[in-house]
Amino acid sequence: MKDNVDISVDFAGVKLANPVFTASGTSGYADELADFVDINLLGGFITKSITLKPRKGNAPPRIVETDAGMLNAIGLANIGLDKFIKEKLPILERMTTAVFVNVAGETIDEYVAVVERLATERVIAGFELNISCPNVAKGGISFGTEPGQVSEITSAVKKAVGEKILIVKLTPTVTDISVIANAAVEAGADALSMVNTFTAMVIDIETRKPVLANRTGGLSGPAIKPIAAYLVNKVYNEVAKKNRIPILGGGGIRTASDAIEFIIAGASAVAVGTANFIEPDCTTKIIEGIKKYCVRKETNIKELIGSLGK
Amino acid sequence: MKDNVDISVDFAGVKLANPVFTASGTSGYADELADFVDINLLGGFITKSITLKPRKGNAPPRIVETDAGMLNAIGLANIGLDKFIKEKLPILERMTTAVFVNVAGETIDEYVAVVERLATERVIAGFELNISCPNVAKGGISFGTEPGQVSEITSAVKKAVGEKILIVKLTPTVTDISVIANAAVEAGADALSMVNTFTAMVIDIETRKPVLANRTGGLSGPAIKPIAAYLVNKVYNEVAKKNRIPILGGGGIRTASDAIEFIIAGASAVAVGTANFIEPDCTTKIIEGIKKYCVRKETNIKELIGSLGK
Amino acid sequence: MMVCSENKDVFSAVVRSNKKIGQRFYRLGLEFSGDCAEPFGKARPGQFAELDLCGTALPRGEAIPEDLCDMAERNILLRRPFSFCDVTVKGDKTVVDILYDVVGPATLRMTTLSAGDSISIIGPLGNGFAMPSGKETALLVAGGMGAGPLLHLAKVLTADYPNIKVVAFAGAKTATTLPFEKRLDEVSEVLGFPLAEFAGYGIESLVATDDGSAGYKGFVTDCLLEWLGRCGLAAKDMIIYSCGPEKMLAKVAEIAQEKNIDCQISMERMMACGIGICQSCAVECKVAGSNETVYKLCCKDGPVFNSNEIVFSN
Amino acid sequence: MMVCSENKDVFSAVVRSNKKIGQRFYRLGLEFSGDCAEPFGKARPGQFAELDLCGTALPRGEAIPEDLCDMAERNILLRRPFSFCDVTVKGDKTVVDILYDVVGPATLRMTTLSAGDSISIIGPLGNGFAMPSGKETALLVAGGMGAGPLLHLAKVLTADYPNIKVVAFAGAKTATTLPFEKRLDEVSEVLGFPLAEFAGYGIESLVATDDGSAGYKGFVTDCLLEWLGRCGLAAKDMIIYSCGPEKMLAKVAEIAQEKNIDCQISMERMMACGIGICQSCAVECKVAGSNETVYKLCCKDGPVFNSNEIVFSN
Ligand SMILES: Cc1cc2nc3c(=O)[nH]c(=O)nc-3n(C[C@H](O)[C@H](O)[C@H](O)COP(=O)(O)OP(=O)(O)OC[C@H]3O[C@@H](n4cnc5c(N)ncnc54)[C@H](O)[C@@H]3O)c2cc1C
Ligand SMILES: Cc1cc2nc3c(=O)[nH]c(=O)nc-3n(C[C@H](O)[C@H](O)[C@H](O)COP(=O)(O)OP(=O)(O)OC[C@H]3O[C@@H](n4cnc5c(N)ncnc54)[C@H](O)[C@@H]3O)c2cc1C
Ligand SMILES: Cc1cc2nc3c(=O)[nH]c(=O)nc-3n(C[C@H](O)[C@H](O)[C@H](O)COP(=O)(O)O)c2cc1C
Ligand SMILES: Cc1cc2nc3c(=O)[nH]c(=O)nc-3n(C[C@H](O)[C@H](O)[C@H](O)COP(=O)(O)O)c2cc1C
Ligand code: FES
Ligand code: FES
């Protein structure tokens, strides 16, 4: 079996060595995960959400495990733009992987301010617009559920990204995700990222309180995979394909087979989140597994994307 | 421990011996499950969805397992109203449990026709309106995602139910479930049932086709529990409490602890679905577990409902 | 545990043995005692049971075949259906054997069961094979794992119908994937009894492998066809019992139809419940005297059907 | 397996023993060989590791305590963090012992591990206890399971700091929930060495139980307070190390603050990753010279903190 099979993809103009990303918020700013994985082997790396000002995040408990999943309510804890530029960019600059900065904020201006400051940084391939975080009181998901809002924030940020590509990250908790996807694409999104987590709650029946201090959290992990795969396929068929917009698909991916499901459903690349916590080097295994599959099935990534049959 | 602790509930005027139902479509028409459970021990029994005409349902494969869940695309296979009246009602008539008939259809008239024919049957305590089935081409979920539609079908059916109570069963796959819940309540729903399954897909990467012949199916089981519990709590706080409308909560319930979570979140009763497949007598264990919890915590169901603390 | 109609219920069994008998085939021995012994003691060939394997350990990393590694990650939720390859009543105990193939997360877990473990099982479920009243010859046609229930049938037939001649046909891709514990030996092969398990019941057998690495080279259905061509028996005196992949069953059904031989087949479907409450296991069946079809339930109306009832999908 | 900075990585360990030592307490012995032996051989008291217990079997029905039955149904996904109660280098192997309490689905599964099983483990993680430079007396204050890392610390202290006097305090609800393998005997109790594990290192100990069924009747912190009142030692010469429930740690921190004794505590948080990439394990910490607080990460900045840093949540 030749292991140097080509699984590179063109993602909205960015050439990726392979279609495997780590998802925002599940791999830190690169240095932390680097103890376990050679980040440069990844197709793409997405930072934890960055906001203009540092955010402490929510009080603990911030996570709780559920059946085949977990809730998190980190609350966009992050070091803020300045410290990110000072401390983390230099680390990211040493990486050869395509780096995407995930951006969040409470107002459109905040999103724009972060993107403007970073738009000229050479190491950054693009931005992922987090308009789907369920764990903050202001901003986050509130931008992502109404097509008008999605359109407004996307076009505002699009003006700021310059040459970089703009990925809009969608929430799955809407009546028709294609409507939202369409709004993002028409407003200038170069790619779509889906899905973010599902708002959910775990109750401690001894105390009769939610386990999370934030009460609700976002459900991620294998539990959501079949919903996410369906939504990726839906958006691929209804929006992405005709607009030639690539999808970064994910939600519950643990194995190469999972990743291939998303690619067949219509994703040009996949994001691995929760699984990094359990096997920090799972992305490497997923990349190898995709190669093996392509060799075994005598196919290639291009042919695979969106190839779901009747 | 006294095992005869009272866990009866008043559900929209219907007195239930306890708050535990089997969910529609997961316990047949009662006779099948009766080999494993004394149905009369249940708080309530809900039939498989009944339509005016018999339905063959979808081609197999109709189910596929997922992480902590399963997809089904049965497609409302059922014997139809006539045969139901002839063959199944006599069986249901022998039961002392509160019986609810789940009704589905492709048009509002069909729903109304089924309810009208059954509205005078003594054994029937009420109807559950399935406007949330994701597995049929026409009808089903299409009635459940738009407040205007929800309102229209609910008031039409409400006119037909006579003395019986009308439970409207909601889909979780909407942007704001409270808007839908509110539409149902304002149009005359006596109770809300939530949640039905989430549309989802599993892809066979060997054939590159969806595993289910229907392509998509509805995700049920423990995987969805934290989302369902959140939604129940949301609707309780935003709609049900102030309108004094009881909620039949469920999604992934396997144990008494799960059931109690839903009750604390705001459900007056709970529906157990997928878990019946794994432990056909799980409802009995859940009923016993709720009793034990009430004794141990020196509380009662009434006090428990919607008691989620700050 | 409740006393139920038809004796089916949720029971607890104790593992007696779990033996690897081929590349990926195992034979699991389960012991039932107390209340559980009787219902299972009466289990008929073709019936099945639903095993709960959720709490059973996964094999360790290296013990998982590479092609199943990704599947192994899936936490299982539902029970899994298995038929019986042998049922033996020993005093107040019943021992039930299951022949199984390791194909996914549940069967991978099944391999780590060891003597003394207890396991939850619902059964016996479904309808078994109808007995061959008025027949002179019974042909058992097995594809792969389908051998399981046919071994059970072979035992019952030879015990209860000593005047009926039984011939077994077993097919597999290649010699090493024949799901039999006892290896073929040349002498018995020449004598017409290559499969020791069937020979133990005095039953002659024919083996077919796709690559000819054992017995007839080709599909087991071709082997059957050839045998039927030269057997010189009257169709009405024969009955075919078959179990295996659906493609093979379709071919067997076609042969039976053409030759006008009675034929019973055991179907498989993904099953969520196994007890008739979920409707997941639909099998498309012809309605006699009409062009219409209905869906019957594999778990309740089957898994054994008359072959002429079934509408095979392409 | 990769060679990584700080030697932490995903390793494979082999179970040597898994012994029930109390009502619901077990002691698990893990052996590391090859590349894994060295990093774990260097593990410092207070560090921890993340165990993957997903594929491990659940105990059978009857073996699950009633209050954990419902929890047992949950399929686990995440690894679980455990500190070490003993680390021993034997030639090219390292044996690491973990003292654990059965509280939920993962620890239930842990009880079915048996000698020879292999298990995936990430570690050693986090920062251990700082060594007591310039101190004369080290007080180890354990609540329940917190005894684990303090036993490890006791071993290291007595070996590396023979001039420091170590006194252990161990609290529990009642005698039977004291997580020690060796039973108390009256003679050693009178001599001031009731806990054999600590006595093995020549360390005297005090036991406190809420119900007085063993040792001091009351909280271990009250026992500590009383001891401090009568010990006649200077605060600056002492250091407290503590591990246990957060309520107890808060009390220990308060005592240390009041008496001006250096104090290190090991905190617990729900952890999704254990390696600093998820931010789930936030611990609220004071910022020196300000009223503000920051969240530090229990897994990376801790689990051991100076007690005066922590903002305890009521
Ligand atoms: C009535 C009945 C009786 C059965 N009796 C037996 C028996 O005696 N021995 C036995 O080994 N199996 C038997 N089976 C099949 C058995 O139930 C499945 O092999 C088992 O459920 C697989 O579980 P899993 O989690 O390991 O794999 P799954 O995840 O369920 O399946 C893994 C993969 O294998 C495919 N698959 C599923 N079933 C089979 C199969 N039978 N052969 C090949 N591929 C399959 C699936 O489509 C999937 O791609 C029977 C099935 C039925 C319905
Ligand atoms: C750094 C660190 C070191 C640790 N070292 C040890 C150790 O050496 N020995 C040990 O036994 N445990 C230790 N723990 C705690 C251990 O990780 C948990 O007990 C374990 O994760 C529980 O997993 P579970 O699935 O069995 O229960 P879960 O489902 O995770 O929890 C079950 C229930 O118990 C509660 N719970 C969780 N942790 C505890 C606890 N520690 N005590 C009481 N109740 C709890 C939960 O809130 C929940 O209600 C440590 C934790 C940390 C963070
Ligand atoms: C602990 C945690 C933190 C996360 N933080 C962020 C974040 O900061 N920004 C963001 O856009 N998504 C965040 N996510 C969502 C993930 O990027 C991903 O979309 C989601 O978890 C689904 O993928 P998974 O099931 O593979 O984890 C976070 C997820 C987790 C579990
Ligand atoms: C196999 C299957 C069939 C179902 N059929 C119906 C149905 O006919 N009508 C309906 O309203 N809901 C139907 N449902 C949905 C269930 O009633 C329930 O709302 C859902 O499964 C969530 O609960 P659970 O996670 O406990 O299964 C079905 C669910 C399953 C799994
Ligand atoms: S498997 Fe549920 S009805 Fe057959
Ligand atoms: S547990 Fe993930 S950062 Fe600490």
Side-chain angles (χ1 to χ4, degrees), chain B residues 22-23 25-38 41 48-49 54-79 202 205-206 211-213 217 220-223 252 254 273-282 284-285, chain C residues 1-11 50-55 67 70-71 73-81 104-106 120 122-123 125 246 267-285 287 292-300 311-314:
Chain B
T22 48
T26 65
S27 43
Y29 301 104
D31 42 344
E32 302 89 345
L33 192 59
D35 288 340
F36 296 89
V37 184
D38 180 354
L41 295 179
K48 169 89 194 145
S49 281
R55 287 179 61 102
K56 280 176 69 174
N58 295 324
R62 289 177 171 184
I63 62 143
V64 58
E65 192 187 58
T66 66
D67 263 280
M70 61 173 279
L71 307 194
N72 88 77
I74 308 299
L76 300 181
N78 79 95
I79 54 177
V202 173
I205 64 169
E206 296 305 319
V211 171
L212 299 181
S220 65
R254 295 187 67 171
T274 304
N276 293 305
F277 305 155
I278 302 145
E279 292 300 334
D281 60 348
C282 67
T284 322
K285 288 186 201 150
Chain C
M1 222 160 288
M2 298 168 309
V3 180
C4 292
S5 59
E6 292 186 52
N7 280 324
K8 64 174 183 258
D9 204 349
V10 185
F11 291 115
E50 287 272 0
L51 272 64
D52 183 351
L53 296 156
C54 289
D67 58 319
D70 284 6
M71 273 190 216
E73 301 270 342
R74 197 171 87 228
N75 275 324
I76 61 170
L77 176 71
L78 301 168
R79 288 173 182 263
R80 293 296 195 274
S120 165
I122 300 182
L125 299 168
E246 191 155 336
M267 299 286 290
E268 282 191 13
R269 281 292 176 272
M270 301 224 206
M271 291 183 173
C273 75
I275 57 171
I277 60 176
C278 76
Q279 309 236 28
S280 63
C281 58
V283 174
E284 193 171 10
C285 289
V287 177
E292 280 183 29
T293 63
V294 292
Y295 285 120
K296 291 194 175 177
L297 298 182
C298 187
C299 70
K300 218 182 136 186
V311 183
F312 292 97
S313 48
N314 57 58

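The analysis underlying the following values was restricted to heavy atoms, covering all of them including side chains, and did not include hydrogens, waters or symmetry mates. Reminder, nothing fancy here: chain letters follow the sequence lines and each chain counts from 1.
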Open item on the list: Between C:E73 and chain B, with a heavy-atom cut-off of 4.5 Å, which part of the residue counts as in contact: side chain, backbone, both or neither?
Closed with: backbone

Open item on the list: When you compare the side chain of B:L212 with that of C:M270, does any pair of heavy atoms fall below 4.5 Å?
Closed with: no

Open item on the list: Which heavy atom of B:F36 sits nearest to which heavy atom of C:I122, and what is that distance?
Closed with: CE2-CG2, 3.7 Å

TODO: Could you list all the side-chain hydrogen bond (donor to acceptor under 3.5 Å, both in side chains) pairs where at least one residue sits in residues 268-283 of chain C, not counting sequence neighbours?
DONE: C:E246-C:R269

Open item on the list: Within the structure provided, determine whether C:C278 and B:R62 are in side-chain contact (heavy-atom separation under 4.5 Å).
Closed with: no

Task: Side chain to side chain, B:D35 and C:I275, heavy atoms closer than 4.5 Å - done: no

Task: Side chain to side chain, C:I277 and B:T22, heavy atoms closer than 4.5 Å - done: no

Task: Pick from B:G221, B:G273, B:A59 with the largest number of heavy-atom pairs that fall under 4.5 Å of chain C - done: B:A59

Task: Separation between CZ of B:R254 and CG of C:L77, rounded to the nearest 0.5 Å - done: 5.5 Å

Open item on the list: Counting C-beta onward and ignoring hydrogens, is there a side-chain heavy-atom pair between C:V10 and B:P280 closer than 4.5 Å?
Closed with: yes

Task: Residues C:E292, B:K56: salt bridge by 4.0 Å N-O rule - done: no

Task: Which atom of B:G57 lies closest to which atom of C:Y295, heavy atoms considered - done: O-CE1, 3.6 Å

Open item on the list: If you compare all heavy atoms of C:A282 against all heavy atoms of B:P60, which two are closest, and at what distance to 0.1 Å?
Closed with: O-CG, 3.2 Å

- [ ] Please determine if C:R79 and B:E65 form a salt bridge, counting it only when a charged side-chain N lies under 4.0 Å from a carboxylate O.
- [x] no

- [ ] Could you look at C:T293 and say if it's the side chain, the backbone, both or neither that has a heavy atom under 4.5 Å from chain B?
- [x] both

Task: Part of B:A275 lying under 4.5 Å from any heavy atom of chain C - done: neither

- [ ] Pick whichever of B:A223, B:P61, B:G28, B:P54 has the most heavy-atom pairs under 4.5 Å with chain C.
- [x] B:G28

Open item on the list: Using heavy-atom distances under 4.5 Å, tell me whether C:I76 contacts chain B through its side chain, its backbone, both, or neither.
Closed with: both

Open item on the list: I'd like to check the side chain to side chain contact (heavy atoms under 4.5 Å, CB included) partners of B:D67; sequence neighbours left out, ordered by chain and number.
Closed with: A:A68, A:P222, C:R74, C:N75

